[in-house]
Amino acid sequence: MRHIISLLMENEAGALSRVAGLFSSRGYNIESLTVAATEDPTLSRMTLVTAGSDDVIEQITKQLNKLIEVVKVVDLSDGNHIERELMLIKVRAIGNDREEIKRMADIFRGRIIDVTDRSYTIELTGTGAKLDAFIEAMEPSAILETVRTGASGIGRGERILKP
Amino acid sequence: MSTELTGAEITVRCLQKEGVDYVFGYPGGAVLYIYDELFKQDKVKHILVRHEQAALHAADGYARSGNKVGVALVTSGPGVTNAVTGIATAYMDSIPLVVISGQVPTPAIGLDAFQEVDTVGITRPCVKHNFLVKDVDELANTIKKAFYIASTGRPGPVLVDIPKDVSQQKAHFAYPEKISMRSYNPVTKGHSGQIKKAAQLILGARRPMIYTGGGVILSDAAAKLGDLVRTLGFPCTNTLMGLGGYPATDRQFVGMLGMHGTYEANMAMQHCDVLIAIGARFDDRVIGNPKHFYNEDRKIIHIDIDPSSISKRVKVDVPIVGSIPDVLEALLKLLKTGKDSPDHSALDAWWAQIDSWRARDCLKYDRASAIIKPQRVIETLYKVTKGAAFITSDVGQHQMWAAQFYKFDQPRRWINSGGLGTMGFGLPAAMGVQFANPKGTVACVTGEASIQMCIQELSTCKQYGLPLKIINLNNRYMGMVRQWQEFFHGNRYAESYMDALPNFVKLAESYGHVGMKIEQPGDVEGALKEAFKLKDRLVFMDFITDQTENVFPMVPGGKGLSEMILV
Ligand SMILES: Cc1ncc(C[n+]2csc(CCOP(=O)(O)OP(=O)(O)O)c2C)c(N)n1
């Protein structure tokens, strides 16, 4: 099962490599990982997307908690939460396709952020599934490049992750 | 204004403040300022080993037997890489160490400088935590954190990497009395609801078993465990790491369990209906194949300080996270004040069953053999030292025989590398044990292959006058490897024969020690007595033992606990 795990950790050199090292040394998989400092610059917030049986996920959260620099860990998939991912996608856009691609970007609430006479770069946020759907909707040969951030997640309502 | 100190001075002052009496180390360019400061004082004594691996094992033996944080000091680059085996050994057995390593100066980091390695990167997977100190103002605080982290919660080695320029720079020195970290708050008290559930399960047990590991030793919970076992009248087994946690000479002790555990311990473990696991982790050498373990239905209570040890290999019913002495105390209180007690007739039947397993006499060997049997040497060692020695061991058959035949009645007397299985551990660990217990009798049980992995430490022993007794069970084979080859690889003894052995007697003598070679079974006891009479000398005892002897019982890899090979 896919899980989205959120963690707060000390914003210190090396903390990220401890998390990444843990996943590789224990053979857990990482689908995506995003990290940046929070409003409190001494803390970083990381969102990890992983997959595994309940036992494996239990071990992952325990092992993460065990890392000295990790302040808090929560499995967002345990409750209501929101996830968003950002994608930048560059597509070939010539002739009639230009109008068609623009319309598609609108439908997906994307924004065209860079234009040449042969291409568009579109910015799109949403769940991973939505970004996948957009890619599906594009003619494969038209896709020149995609960049995705991986998911960031936050609990709904009163579910708050604070130290 | 208080005067400022250099990073090197601060380092040594921190060690003094922590009450460190010995640092095991080896000098080199990146730690010269620190050595200079060690030289200028005499509170912290430095023990010069002959290889950094030995510095770590010595600090480790010191910590295991002395219940204090062990400290090692090594230089950058090769100093650190040599130390890694020792760090990983301590990590696998949760031993509290603080390792101080030199690093190239900060401006040189990342430039492939002379003797530069990414120490923090190399050691990350085998330390509880590590630090690279880039700012001398952070040094004292970091060392405080290192001692705090190493010794609390589930203990482990913590490394502090100090670049040479940081050891030269100056800062105001203030050693924090206390430290608190928002990201590190080890639990102590167990959940009272869970403890209640455990008590209920325990009282309802018909075939109970208490299984304890290194956690009982590390948390100094042996007395409380003894109280629990006796209060309940249950059988108790210890893991290789847990020996001494419960007195081995007591009737309720059923021996070590696991791959080379006793028949009765493994059978009771497999067939119990309520299992109380304390400071143990159900590892592969202990329960064998977890699928086979599940064949029998049982309820499991698991007490451990580390939540990640719980339900890792085996699902448990009542997890209790907390410090073992605290949890046992709470549990004992419940059991002693409650009016219920376990079902005595069920317990009697269970003991009758266990006694019938015991009658199998699984540790029997040929006592009339004309060749020295290794088991005989350990039994005699036990007799001659009256069971009161500190025993370190290396890794192999000799380790298992020591664990099976030396009856440890006290914790912190059996010192071995259980988790990593590091050959070369025994001799340097024994040095650390002797420093921690200057009046103690310390013996190292080893094999002719293992001892050669850190044999250079005979020189350290000479320098510091350590009167260790080395019990070399010399079977001219890497015995444990040969045993596996005999059982599982069609007797093809690939590279497990120890050829071109040194003359150990002369070798010991050349280091200034006493050497003895013992070839006849009839000479074993006399020789041991003679050796232990030499109170101030290291004696290297080379016992020429039966080449073909195997360790029994044995649970082959991948098999279940009750699928033992027996003699
Ligand atoms: C550093 C290291 N290398 C290899 C091994 C694998 N190994 C385990 S036991 C053993 C043989 C040990 O032989 P010896 O020390 O003579 O002890 P014996 O088994 O004969 O008692 C070996 C090679 C190990 N445990 N550690």
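The chains referred to below are lettered A, B, ... by the order of the sequence lines, with proteins before strands, and numbering in each begins at 1.
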**Request:** Would you indicate whether A:R118, at its atom CZ, is surrounded by more than 12 heavy atoms from other residues, nucleotides or ligands within a distance under 6.0 Å?
**Result:** no
**Request:** For side chain to side chain contact (heavy atoms under 4.5 Å, CB included), just list the numbers for B:H129 and A:R18, CA-CA rounded to whole Å, side-chain angles, deciding distance to a tenth of an Å, and then say yes or no.
**Result:** CA-CA 9 Å; B:H129 198 59; A:R18 275 180 227 280; 3.5 Å; yes
**Asked** Got more than 12 heavy atoms from elsewhere within 6.0 Å of NZ, A:K90?
**Response** no
**Asked** Is chain A contacted by the side chain of B:N130, its backbone, both, or neither, given a heavy-atom distance below 4.5 Å?
**Response** both
**Message:** Within a 6.0 Å radius of atom CD1 on A:I154, are there more than 12 heavy atoms belonging to other residues, nucleotides or ligands?
**Reply:** no
**Message:** Given B:S308, which partner from the list A:E58, A:K66, A:Q59 fulfils the side chain to side chain donor-acceptor pair (under 3.5 Å) test?
**Reply:** A:K66
**Complete:** Bottom line for B:R182: the part with an atom under 4.5 Å from chain A's heavy atoms is both
**Prompt:** Quick one: what part of B:K315 sits under 4.5 Å from any heavy atom of chain A, side chain, backbone, both or neither?
**Reply:** side chain
**Prompt:** NZ of B:K197: more than 12 outside heavy atoms within 6.0 angstrom?
**Reply:** no
**Nearest-0.5 Å distance that lies between atom CG in A:N65 and atom OH in B:Y184** = 13.0 Å
**Asked** Got a donor-acceptor contact below 3.5 angstrom from the A:K72 side chain to the B:S183 backbone?
**Response** no
**Asked** Does the side chain of A:I68 come within less than 4.5 Å of B:M181's, by heavy atoms?
**Response** yes
**Prompt:** Taking atom NZ of A:K102 as the centre, does the number of heavy atoms from other residues, nucleotides or ligands within less than 6.0 Å exceed 12?
**Reply:** no
**Prompt:** Under a 4.5 Å heavy-atom cutoff, which of A:T42, A:L67, A:V56, A:T61 has the most pairs with chain B?
**Reply:** A:T42
**Prompt:** Is atom CZ of A:R111 surrounded by more than 12 heavy atoms (other residues, nucleotides or ligands) closer than 6.0 Å?
**Reply:** no
**Request:** Answer with side chain, backbone, both or neither: which region of B:P307 has an atom nearer than 4.5 Å to a non-hydrogen atom of chain A?
**Result:** both
**Message:** For B:I310, which atoms come within 4.5 Å of any heavy atom of chain A: side chain, backbone, both, or neither?
**Reply:** both
**Prompt:** Hey, are A:D55 and B:K312 close enough for a salt bridge, meaning a charged N less than 4.0 Å from a carboxylate O?
**Reply:** no
**Message:** Heavy-atom cut-off 4.5 Å, strictly under: side chain, backbone, both or neither for A:S17 against chain B?
**Reply:** both
